Amino acid sequence: MAILDSMLKGFVGGVHPPENKITEHGGIETAPIPKKVYIPFSQHTGKPACPLVQKDDVVKIGTKIGESEGYISVPVHASISGKVTGLISHPHPVLGCSLCCIIESNGGEEWEQSITENADYETLSKEDLVNAIKEAGIVGLGGAAFPTHVKLSPPSDKPIDTLIVNGCECEPMLTADHQLMLEQAEDIIKGARMFQKILEAQHLIFGIEDNKKDAAKIFRREGLEVRVLKTKYPQGAEKQLIKAILDREVPRGGLPMDVGCVVQNVGTCYAAFQAVAFNKPLIDRVMTVTGDGIKTPKNVLVRIGTPVIDLIQFCGGYTGKPKMIIFGGPMMGIAQYSEAVPVIKGTSGIIISTQAWDTEEGPCVRCAHCVDVCPMGLMPCEIYKFVQNKNFDKAKEYGVLDCIECGCCAYDCTARIPLVHYLKYGKNEVWRLSK
Amino acid sequence: MNELFVVSASPHVRGKMNIDLAMRLVIIALVPALSYSVFLFGIRVLIITAISIGASVACEALMQKMLGKKITVTDGSAVLTGLLLAFNLPPAVPLWLPAIGSAFAIIFAKQLFGGLGYNFINPALAGRAFLMASWPLFMTKAWLAPANGTLSGIDGITSATPLSLLKNAANYGDPSIIVRQLNDFDTIKNIFFGNIGGCIGETSALLLLIGGLFLIIIRVVDYRIVVGYLVSVAVLVFVLPTKGTLMFHLFSGGLFLGAFFMATDWVTSPVTHKGRWIFGAGCGILTIIIRIWGGYPEGVSYSILLMNVFTPLIDSLTKERVFGELSKKKGVKK
Amino acid sequence: MSKWRIFTRGLVRDNAVLVLMIGLCPALATSGTVRDGFGMGLAATFVLLFSNLIISLLRKNIPNEVRIPIFILVISTFVTIIDYFMQAFQPDLYRALGVFVPLIVVNCMILGRAEAFASKNSVFDAILDGLGVGLGFTLALTIMGTVREILGNGTFLGIPVFGESFKKSPVIFMVLSPGAFLIIGILKALINKYVRKEIR
Amino acid sequence: MTSTRQMIITLCIVALTCAIILSFVYAFTSPRIAETQKNLMLDGLQEVSQAVEFVEIISDTLWRALDSLKKSTGIVFRVFPQGYGGSIPITVGLDRDGRITGVRIASAAEGLKETPGLGAKITEPDFTQQFIGKCAPEVQLKNDGGEIDAITAATISSRAVTAGIRRGIETYAQYLGEGYDKRDVFPAAESFREIIRDTLWYALGESDTIGIVFFGVAQGYLDCIKFVAGVDNEGTITGVEIVYSSETEGIGEAIRDQEFLNTFKEGTAEAITGATVSSKALIDAVQKNLQRFKEYLK
């Protein structure tokens, strides 16, 4: 009956690309402290942080170097100790180029004094907890990097009944969350309980794909409610996860809180717990370095701002001539043009590939595979034609704004059309025109 | 290492299926039926098919060159068009007929509308309709009686197809006896396994079924159109006063060929799920209407052509339900 | 606009059937053979010529409010005349053209020229225009008729071409209405490519 | 702004002018149109029958065919059986024995809607020639037990034609009988006036009745024999014609022989050897009827 149940409740669409999770059973290794870090002031959805340091300032690990600017914004902290050598525009994994703070390491591990264990964090009030999370610069670590404190402060007219902890990691090749769940389950649970307390949610449910049953077992053992979900991409997308677990549909243009849910990534739970219990700001994260272009793929704990080239060296260097560096998973990741881009808070993995996709697109033959697999029920093949013809009104009518850019359509496109690309462009144009 | 890396839009992995592969798979799925047809009607079938495919590929290349486009005959779509056209021809047609049909299909139904992906009707069926209108005599009388394995069916005893027997039973003797014979289990068995006269591709329902199921399993063919088509035919045969039985109507003629390989043509069928059901059902309804009340014994090709024309309309009327869109059934649960 | 231009414009550049796509109904229905197409074209030309002439003559005396009824009256008079004469002297052609001869009355090509040109221009210009447009119509129908008759019947003006075997099994498709559409489309494409290059 | 009166006046003037012009054109063309129409129709009818003159019996449907001596040679009728694409206009000629003298099927230009190249092949001589000389039972497709070859792959059209012709013959054969123009038995008469329905007519001369024509039945050897006979005021038989007879072929049928029939005029009618029963019956019946209608003679 479980199968039937998951069929009934699961979301429609989705694809199942080869998983290729080669780093599945490798533990988390800690990367050495880089000589230089490039910390962008914009690592999250929302307004970039406002720089607090100047050239030649001396910073320690955890020193706040950027203050949050407005509500949907978080501060940025130094991830190594050393000297600020400049605030310049540097390659950025998402934005292309953006203002970064360059810190040259002094080789030591000097932590900011305020970073001490906070043994009685459990006594803190809701507001204090949210504030602490905000001050630590915690954002969603699943990839979107949405400031966590915003998610934790739903308006009073939207009561939250369920907190879903997202341990799906549906992207192929990535295993960072999986390893984190195996190694830091206790802290994740504590973080999740803390979120539950903040949100006053009655239910706490873990959502884990059935290719990570070992992780699911750990949480089950702790007496938590765990839903094992079919391995299918994008199972870990918020709206699809809510649909799969609770059979609730987030309305168009709405947020999970509209259906009484909050979804948090396991990494976020972990980081938030660290932030509250140890006052540790978000200065490092676990990520997967993998792909056929890297000698020894690993799950690594990396300082935020580490340039990618340092990680590549840590992982044994290239196997051959690399063609692509992708930040994130193969489905939604962003290809980088330079080795100098730093790891940021939202970077869940780095894929080094020795092959690039032949990007020649054929004519759309209306095979409708994109319609079949779109988890949002869109018709990418129609929308892309509207976008091509600059008919953005029609594109909007067909729901281009609902696109979650999961990439299923382009993955399954028989004509190799970069549908996501067209849809993203359409989305931007619709927004621009509606302004 | 300072050179720049390749930047391309996500996703960075792609599924295995692409146009070229899909076309090849469809062709492979059609090969058993073709081989059996060669076995039944002789080597002539092979010649007709080769001419049809050759003309189709040549015209595609020629048109693309004339229109200054990239020549893409290797994608297999022209081969498939030629093959499907040959499947729709009686085995004893004169040899120039498939060439002209292919030329019409490729030049007028496909390339003049913009080539692959832009044709609004199935080119192979357009070619067949053109031949049917132009040389009805060749298209309706050049049947051969099956001559298993002799490979030289050329002297060809003409024999009527089961559907034309049913339609014009009175021409061949006592109608009631003929109808009874046609609905006999042995006849149905012959029809299902393909020991009958008919178009090159429509003889063996079994082999077409196997090929079609293979395509459905590998997701080249959408089951909705096929199921919609076959079920609507079955229901109508059940409800309406027809001379043939359910099995007879399902297995005879080009129904399986049409349902599995022609109606499901990607370019000319709707993209929405609901749309595909409607499309399939529409094809089924029209097929039966033509078979019972129409002038031709077989209605598959015209029904599909007619529904092809409705495809854009169906698509625009049956938009997919966007995730999270409010509907009467599934409101937002709180 | 030179007189020559007034005359030639309607021939090809602004050909009623192939460019403006008006008067399509008779063009599709009566272009099955050269004779039918040519006959229909001449009939329409006659009506067009004389209606233009009369309307241009009367243009200063026609009250604006009733101009359309008067145009129709004039046109239908000439249509009836040609109808009678055809019945009397060309019964075979009349039978082939059938209902389309009386229907010249509502051919928007003729009313359109009356409204757009004849009622605003001098008599001589109106005659030239009527002649040009009418002959353009005739030309289009004759070309269509030629192609359709040769391919669809295997004959030209009733004389077999391409031999008897082709006449035995010609491309029947071409004499059916889809063939007419096909020919119109191809002719239109050719005109767009070679005559009206600027529209591309 | 033109006044309403002005508009009305202009319209009226134009309409009037048009009407006048048209009336002239009509006057000029209408005789010619009528003649052309007639010629067209005649051409069509002559194609299926050798006759030179056609007398309409049912408007646009049935004609009696007359030869140059104004003697009936048969009938011509039109039928419109339902074919594949629509009704098929067929003109059929029949001789006095009910055998087909010609079949003409309208071409596409004349309203045939059968599929070109397929059903439309019924208009071709290869098909229509087959009918000549056939009588009703033979007019069937070979598949159906008749003698007509169907057009390949156009059985529906072919069958429609045969069925239509057969039905036509069955419907109009009765006129074959009546087809005996009463002039045949009373050539001197100008016209006829019916006295007893379907049985007795006055033969009218220029001003007066000059005799009678009557219809009679005789019991023949196999079946009844129907005949007409004409008698002038003097009681002299002016002619006898057989309307219907199905006597034994070659023997009883001898009564159709013109020589035998002519003997009535001379009053020397005698039974024919070998066809005694039939001829005797006919002679008796003529005499009996003559007695019966005698009172109508002046």
Side-chain angles (χ1 to χ4, degrees), chain A residues 11 15 17-18 172 239 243 247-252 254 258-260 322-326 330-339 351 353 356-357 359 362-369 371-372 374-379 381-382 398-399 402 405 407 410-416 418 420-421, chain B residues 1-23 69-70 72 75 77 114-119 219-222 224-225 264-273 275-276 311 315-316 318-327 330-334:
Chain A
F11 64 94
V15 292
K239 291 175 179 180
K243 168 85 176 129
D247 196 23
R248 295 181 194 172
E249 273 191 24
V250 179
R252 283 178 81 173
D258 292 331
V259 289
K323 279 243 177 84
M324 291 186 90
I325 298 178
I326 297 154
M331 293 297 286
M332 284 184 79
I334 298 162
Q336 305 298 328
Y337 60 91
S338 158
E339 296 170 324
I351 297 165
S353 171
W357 280 98
T359 48
C364 171
V365 291
R366 298 167 45 86
C367 64
H369 283 184
V371 182
D372 288 343
C374 181
M376 295 305 288
L378 302 179
M379 298 158 71
C381 56
E382 300 277 309
Y398 272 70
D402 291 275
E405 300 169 21
Y411 172 83
D412 230 17
C413 180
T414 49
R416 298 279 179 263
V420 183
H421 182 67
Chain B
M1 234 196 221
N2 265 336
E3 73 184 278
L4 299 180
F5 293 91
V6 176
V7 177
S8 62
S10 63
H12 307 289
V13 282
R14 290 292 173 98
K16 287 195 186 64
M17 189 57 70
N18 59 39
I19 297 173
D20 298 20
L21 181 64
M23 296 292 170
K69 289 199 261 183
K70 207 175 143 230
T72 59
D75 67 8
S77 64
L116 182 62
Y118 298 95
N119 48 309
R219 266 187 75 217
V220 168
V221 157
D222 188 72
R224 294 178 185 87
I225 294 176
T264 54
D265 172 37
W266 285 346
V267 184
T268 53
S269 57
V271 295
T272 60
H273 295 136
R276 279 176 262 175
T311 295
D315 262 345
S316 65
T318 58
K319 265 191 275 178
E320 290 293 293
R321 191 185 75 95
V322 177
F323 185 92
E325 198 170 39
L326 296 177
S327 70
K330 278 195 181 173
V332 176
K333 290 179 197 165
K334 193 93 194 242

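Predicted, not measured: the structure shown is a model, and the values here were computed from it. Letters A, B, ... are given to chains in the order of the sequence lines, protein chains preceding strands, and every chain is numbered from 1.
Counting all heavy atoms, side chain and backbone alike, A:G333 lies closest to B:S10 at O-CB, 3.3 Å. The heavy-atom pair separating A:V420 from B:P11 by the smallest distance is CG2-CD, 4.0 Å. Nearest heavy-atom pair across A:C381 and B:V271 is SG-CG1, 3.9 Å. Taking all atoms of both residues into account, the shortest heavy-atom contact from B:W266 to A:V365 is CB-O, 3.1 Å. Residue B:F5 comes nearest to A:E339 through the heavy atom pair CE1-CG, 3.2 Å, listed as atom of the first residue, atom of the second, then distance.
Listed by chain and residue number, A:R366 satisfy the salt bridge (Lys or Arg N to Asp or Glu O under 4.0 Å) test with A:E382 (two or more places apart in sequence, or in another chain). A:D412 pairs by the salt bridge (Lys or Arg N to Asp or Glu O under 4.0 Å) definition with B:R219, not counting sequence neighbours.
Residue contact with chain A, scored on non-hydrogen atoms closer than 4.5 Å, involves the backbone of B:S269 exclusively. Proximity to chain B (any heavy atom under 4.5 Å) is shown, for A:C374, by neither the backbone nor the side chain. Proximity to chain B (any heavy atom under 4.5 Å) is restricted, for A:I334, to the backbone atoms N, CA, C and O. For chain B, the nearby parts of A:C367 are the backbone and the side chain; heavy atoms of each come within less than 4.5 Å. Both the backbone and the side chain of A:M324 come within contact range of chain B, each with at least one heavy atom under 4.5 Å from a heavy atom of that chain.
Taking the side chain as every heavy atom from C-beta outward, A:P375 and B:F323 never approach each other to under 4.5 Å. B:H12 has its side chain out of reach of A:P172: every pair of non-hydrogen atoms, C-beta onward, lies at least 4.5 Å apart. Using a 4.5 Å heavy-atom threshold, the side chains of B:R224 and A:D372 count as touching. Side-chain contact between A:P18 and B:V13 is absent, with no heavy atoms from C-beta onward closer than 4.5 Å. Counting only heavy atoms from C-beta outward, the side chains of A:Y398 and B:K319 approach each other to under 4.5 Å.
The CD1 atom of B:I19 sits 8.0 Å away from atom SG of A:C364, with the distance rounded to the nearest 0.5 Å. Note: B:T272 OG1 to A:M379 CE = 5.5 Å, rounded to the nearest 0.5 Å.
Interface check for chain B: of the options A:H421, A:Q336, A:M376, A:K239, the most heavy-atom pairs under 4.5 Å are formed by A:M376. Among B:D315, B:D222, B:D265, the residue with the largest count of heavy-atom pairs under 4.5 Å with chain A is B:D315.
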